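Predicted, not measured: the structure shown is a model, and the values here were computed from it. Just so you know, these numbers use all the heavy atoms, side chains as well, and skip hydrogens, waters and symmetry mates.
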Amino acid sequence: LLAVAEEYRLGDFVTSSPTMQSLIGIARRVATSDTTLLMLGETGVGKEWLARGVHAEGPRAAGPFVAVNCAAIPEGLFESQLFGHKRGAFTGANQDHRGHFELAHGGTIFLDEIGDMPTHVQVKLLRVLQERSIQPVGSETTLAVDTRVMAATNRDPKEEIKEGRLREDLYYRLAVVTMTVPALRDRREDIPDLVENHFEIFRIRLRQRLYGITRDAMQDLVQYDWPGNVRELINVMERAVLLCNGEEITPADFPEAISRRLDPTRVVTPDVAGDLTEDWLSKPLRVARKVVAIDFERRYLV
């Protein structure tokens, strides 16, 4: 459970990507309403961040934002966590417990990884969305809740429906407006700005006397595919700023999967489709072939 104290704004999404700019435009339009939203995208692309921005610029901004990670809740506790329970409802229920929906009253509830919610709980969630009321476990009465619902998943919802993990009626109830956040590798033009932004954040936070990032280091970051998306980039930048021994971040400060270095002299495989440099032409063929083979094998295995 996360309750927001900081301020989030859609304007903080600085992007050069036309796809992201279009997405932010849609987010601005839906922020002023109470429409249910479904956010799609890979893990780490910033679905929750976007949801917080929509909440912060909407009519419920003064209310709470409650984020629930459905993948982290044990199946037996789902109903209690979402809808609350009364004292004595089950063994160990020694007092009344307010669920996430009640805590989000007057604000927004964000259900992350909705596909990990058990089917029987999905049925109850659908009823909550329709009737705007909850029934705590062990209670004989219902409780009205005024909550905007946003949900997210990193999977294909149509495939989840086909596999029986997501109810089709719940999907259509949640997907009044669907927003797909693109993967970072599909908007590489945003990587330099994200890198510079988080470089400054961590330089100040970690009190490191650094002055920038080398061109080779930035090139490695732009060319990397970022399977963990923006979340991975943030972690990589924090690590690089913390471990950097010089005045600039270099490829040596990145994990092996990102850096294309073979050794401290940074030998890089040439572009075989282009012109070979004088440096490569001066090497004996057997040496050049060996270097290329080693670098290819390392990158392939990574």
Side-chain angles (χ1 to χ4, degrees), residues 1 19 22-23 25-27 29-55 58 60 65-85 99-105 107-137 139 142-183 186 229:
L1 174 66
T19 303
S22 175
L23 184 69
I26 294 173
R29 291 196 293 273
V30 301
T32 57
S33 70
D34 253 357
T35 303
T36 304
L37 304 180
L38 178 63
M39 300 185 182
L40 308 179
E42 297 178 4
T43 298
V45 293
K47 298 185 293 294
E48 182 180 333
W49 207 104
L50 182 61
R52 291 179 184 274
V54 170
H55 166 78
R60 296 176 177 270
F65 180 98
V66 177
V68 182
N69 183 356
C70 296
I73 302 177
E75 184 171 346
L77 296 179
F78 249 103
E79 289 188 54
S80 173
Q81 290 292 305
L82 289 181
F83 312 127
H85 65 252
H100 295 327
F101 268 90
E102 187 176 352
L103 293 173
H105 182 73
T108 301
I109 187 167
F110 176 71
L111 302 173
D112 198 10
E113 302 309 336
I114 192 71
D116 288 307
M117 182 179 292
T119 305
H120 72 279
V121 180
Q122 292 183 31
V123 174
K124 296 195 173 185
L125 175 59
L126 181 62
R127 188 167 185 174
V128 170
L129 293 173
Q130 293 170 341
E131 300 181 2
R132 297 294 175 178
S133 64
I134 59 172
Q135 184 171 1
V137 178
S139 175
T142 59
L143 178 68
V145 287
D146 177 24
T147 305
R148 182 178 191 176
V149 177
M150 302 184 196
T153 178
N154 63 358
R155 304 168 186 164
D156 181 351
K158 298 296 179 65
E159 189 64 29
E160 291 294 285
I161 292 171
K162 182 179 178 182
E163 296 295 327
R165 290 186 290 265
L166 179 64
R167 288 181 59 92
E168 188 172 18
D169 49 2
L170 177 61
Y171 165 69
Y172 286 115
R173 188 66 182 80
L174 291 171
V176 176
V177 175
T178 301
M179 296 191 290
T180 301
V181 185
D186 294 330
N229 291 291

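Pairing each heavy atom of His120 with each of Glu79, the nearest pair is CD2-OE2, 3.5 Å. The nearest pair of heavy atoms linking Ser33 to Arg148 is O-NH1, 2.8 Å. Contact between Leu129 and Arg173 at its shortest, heavy atoms only, is O-NH2, 3.1 Å. Considering all non-hydrogen atoms of both residues, Pro182 and Val45 come closest at O-CG1, 3.8 Å. Between Phe78 and Cys70 the shortest heavy-atom distance is CZ-O, 3.2 Å.
Applying side chain to side chain contact (heavy atoms under 4.5 Å, CB included) to Thr36 and the options Val177, Val30, Val176 leaves one that passes, Val176. No option in Asp116, Leu166, Thr43, Leu40 other than Asp116 meets the side chain to side chain contact (heavy atoms under 4.5 Å, CB included) test with Arg155. Of the candidates Leu77, Val128, Leu111, Leu111 is the only one forming a side chain to side chain contact (heavy atoms under 4.5 Å, CB included) with Leu82.
Residues Phe83 and Leu143 have side chains not in contact (no heavy-atom distance under 4.5 Å, counting atoms from C-beta outward). Looking at heavy atoms from C-beta onward, Lys124 lies out of side-chain contact with Gln135 at the 4.5 angstrom threshold.
Salt-bridge check for Arg60 with Asp34: passed, with a basic side-chain N closer than 4.0 Å to an acidic carboxylate O.
Rounding to the nearest 0.5 Å places CG of Asp146 at 8.0 Å from CZ of Arg132. Between the CE atom in Met117 and the CD1 atom in Ile73 there is a gap of 7.0 Å [rounded to 0.5 Å]. Note that OG1 of Thr153 is 7.5 Å distant from CG of Leu38, once rounded to the nearest 0.5 Å. The structure places CG of Asn154 at 14.5 Å from CE of Met39, a figure rounded to the nearest 0.5 Å. Taken to the nearest 0.5 Å, the CD atom of Glu102 stands 11.5 Å off from the CD1 atom of Ile109.
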